[in-house]
Q: 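Take a look at this one; I'll ask things after.
For the single chain, residues carry numbers from 1 onward in sequence order.
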Amino acid sequence: MSVIIPQEDSAQEHDQDQKTLAHSGYVAVIGRPNVGKSTLMNRILGEKIAIVSPKPQTTRLRQLGIYTQDNIQVIFVDTPGIHQPGHKLGEFMVEVALEALRDADVILFVLDLSQRPTAEDKRVAALLSQAQSGAPIVLALNKLDRLSPDKVLSSVEAYRALVPDATDWTPLSATLGNGVDDLLKRVIERLPAGPLFFPEDQLSDTAMRDIAAEIIREKVLLNTEQEIPHAVAVELEEYKERSDTLTYISANIYVERDSQKGILIGKNGAMLKKISSEARVDLEKLTDTQVYLELWVKVLKNWRQDDALLRRLGYRLSK
């Protein structure tokens with residue numbers, strides 16, 4: 001099933017003269033890196049909208065996931081994990097998450113129930129307190145499947161103490177789906193009445209070519225280790241529907257050093273071929289067509305610290 005994407009400004013045009021829904025609004029999905037925010041959003045939507053990997057800081061950009069059913073529209077805003085940034089890209093990612101907080105009708109704070117609260121969890125909780133947005137906070141206590149039953153209660157209590165202002169909470173497993181329906185119900189209950197912001201059959205506001213670039217980056221994350229994942233950016237050169245059954249995609253994969261380029265290409269091109277093959281599978285599901293994919297690995301030295309390069313690659317800094 002392909003993701004339906006509107007033409008530019010169509011969502012705003014669609015918003016005019018619409019009936020009021022019983023529950024409608026924006027939900028900021030926040031938390032430290034690698035707690036399962038994107039996995040949870042994909043589970044709720046029933047489609048893969050956001051890329052997922054075990055690597056921290058997989059999500060870099062704001063990603064909308066739109067859930068519409070009956071008299072309800074929930075617009076989930078998946079955000080980068082809030083962390084202590086070490087470069088300008090990291091600063092951008094944290095700012096994206098904080099901006100989502102300011103605009104949210106409900107804040108969904110995702111936490112890893114299988115671990116005790118970390119320093120990063122406490123940092124996010126402090127930011128929530130400082131933000132004073134007034135939006136209700138719902139705790140999504142994820143990774144329940146990784147915790148033995150006798151430890152659930154004490155872990156839940158630790159996280160509830162971390163965010164005493166939370167309106168509600170639910171233990172769940174985004175991977176298995178346990179507890180997700182209950183969480184969704186609790187979030188919906190706290191959304192106000194409002195308009196239909198997006199067409200009922202739309203799942204995201206992200207352009208197809210941008211989703212394609214993220215899928216390619218996901219495969220890099222899943223197949224590389226050490227410093228490679230965080231030094232990678234993907235830029236699409238061409239995205240063209242050549243027919244009803246064939247899509248052509250050409251993309252550059254950027255790294256910061258020549259040594260990283262060699263690792264990413266691999267011996268006789270083996271690593272790049274593996275990344276391309278895995279990406280093609282997901283891209284064909286996304287487009288409902290065969291995909292001809294060409295990937296090139298290039299070096300952009302220190303791009304994560306370069307304002308101009310960050311803007312070129314879609315990471316538009318506010319400063």
Q: Taking atom NZ as the centre, does Lys240 end up with more than 12 heavy-atom neighbours from other residues, nucleotides or ligands that are less than 6.0 angstrom away?
A: no
Q: Report yes or no: do Trp296 and Leu264 belong to one cluster of Ile/Leu/Val/Met/Phe/Trp/Tyr joined by side chain heavy-atom distances under 4.5 Å?
A: no
Q: Work out which heavy atom in Val74 is nearest to a heavy atom in Ile188; give both atom names and the distance.
A: CG2-CG1, 3.7 Å
Q: Between Ala135 and Ala104, which heavy-atom pair has the shortest distance, and what is it?
A: CB-O, 3.6 Å
Q: Just by distance, with hydrogens left out, do Thr167 and Arg190 show a side-chain donor and acceptor under 3.5 Å apart?
A: no
Q: Given Lys185 and Asp181, is the salt bridge (charged side-chain N to carboxylate O under 4.0 Å, His left out) satisfied, shown in steps?
A: CA-CA 6 Å; Lys185 177 176 177 290; Asp181 288 344; over 6 Å; no
Q: If hydrophobic clusters are built by linking Ile, Leu, Val, Met, Phe, Trp and Tyr wherever their side-chain heavy atoms come under 4.5 Å apart, do Ile216 and Val281 end up in the same one?
A: no
Q: Of all heavy-atom pairs between Leu40 and Ala140, which one has the smallest distance, and what is that distance?
A: CD2-CB, 4.1 Å
Q: At what distance, to the nearest 0.5 angstrom, does CD1 of Ile211 lie from OG of Ser204?
A: 4.5 Å
Q: Drop me the distance from Gln260's CD to Arg257's CZ, to the nearest 0.5 angstrom.
A: 4.0 Å
Q: Which of these passes side chain to side chain contact (heavy atoms under 4.5 Å, CB included) with Val27: Leu191, Ile75, Ile107, Val77?
A: Leu191
Q: Run Asp112 and Lys143 through salt bridge (charged side-chain N to carboxylate O under 4.0 Å, His left out) and show every step you take.
A: CA-CA 6 Å; Asp112 183 350; Lys143 305 191 182 184; 3.8 Å; yes
Q: Hey, could you give me each pair passing ring pair (Phe, Tyr, Trp, His ring centres under 6.0 Å) that has a residue in residues 247-272? Not counting sequence neighbours.
A: Tyr248-Tyr292
Q: Taking it one step at a time, do Thr247 and Arg242 satisfy side-chain hydrogen bond (donor to acceptor under 3.5 Å, both in side chains)?
A: CA-CA 6 Å; Thr247 302; Arg242 289 186 168 173; over 6 Å; no
Q: Determine which pairs satisfy ring pair (Phe, Tyr, Trp, His ring centres under 6.0 Å) with at least one residue from residues 151-180, sequence neighbours left out, and list them in order.
A: none
Q: Please evaluate residues Glu47 and Asn42 with respect to the criterion side-chain hydrogen bond (donor to acceptor under 3.5 Å, both in side chains), reporting the C-alpha separation (whole Å), side-chain torsions for both, the decisive distance (0.1 Å), and the verdict.
A: CA-CA 6 Å; Glu47 291 287 339; Asn42 289 341; over 6 Å; no
Q: For residues 267-277, which side-chain N or O atoms pair as donor and acceptor with protein atoms under 3.5 Å away, sequence neighbours left out?
A:
residue, atom, partner, partner atom, Å
Lys274, NZ, Asn223, OD1, 2.6
Lys274, NZ, Glu278, OE2, 2.7
Ser276, OG, Arg280, NH2, 3.2

Q: Between Thr289 and Thr245, does a side-chain hydrogen bond (donor to acceptor under 3.5 Å, both in side chains) hold up when you go through it step by step?
A: CA-CA 5 Å; Thr289 70; Thr245 59; over 6 Å; no
Q: Are more than 12 heavy atoms, taken from residues, nucleotides or ligands other than Gln290, located less than 6.0 Å from that residue's CD atom?
A: no
Q: Verify salt bridge (charged side-chain N to carboxylate O under 4.0 Å, His left out) between Glu238 and Arg209, making sure each step is shown before the conclusion.
A: CA-CA 9 Å; Glu238 189 172 353; Arg209 62 181 292 123; over 6 Å; no
Q: Check whether Met208 and Leu246 end up in the same hydrophobic cluster, where Ile, Leu, Val, Met, Phe, Trp and Tyr are linked by side-chain heavy atoms less than 4.5 Å apart.
A: no
Q: If I compare all heavy atoms of Ala231 with all of Trp303, which pair ends up nearest, and what's the gap?
A: O-NE1, 2.8 Å
Q: Can you tell me how far apart CD (Glu189) and CG (Leu184) are? Round to the nearest 0.5 Å.
A: 10.0 Å
Q: When rounded to the nearest 0.5 angstrom, what distance separates CD1 in Ile253 from CG in Leu295?
A: 4.5 Å
Q: Classify the side-chain pair Asp121/Thr118 by whether it contains a donor and acceptor separated by less than 3.5 Å.
A: yes
Q: Could you give the distance from OG (Ser38) to CZ (Phe76), rounded to the nearest 0.5 Å?
A: 13.0 Å
Q: For the residue pair Ser114 and Leu147, what are the closest heavy atoms and their distance?
A: CA-CD1, 4.1 Å
Q: Looking at every heavy atom in both Asp145 and Ser173, which two are closest together, and how far apart are they?
A: OD1-OG, 2.9 Å
Q: Could you measure the distance from the CG atom of Asn142 to the CG atom of Leu172? Nearest 0.5 Å is fine.
A: 5.0 Å
Q: Quick check: do Ile215 and Leu283 have side-chain heavy atoms less than 4.5 Å from each other?
A: yes
Q: Start with the C-alpha distance between Arg217 and Glu214, add both sets of side-chain angles, then the distance that settles salt bridge (charged side-chain N to carboxylate O under 4.0 Å, His left out), and finish with yes or no.
A: CA-CA 5 Å; Arg217 188 168 68 86; Glu214 284 291 271; 3.0 Å; yes
Q: Compute whether any side-chain donor of one residue and acceptor of the other, for Gln73 and Thr68, lie under 3.5 angstrom apart.
A: yes
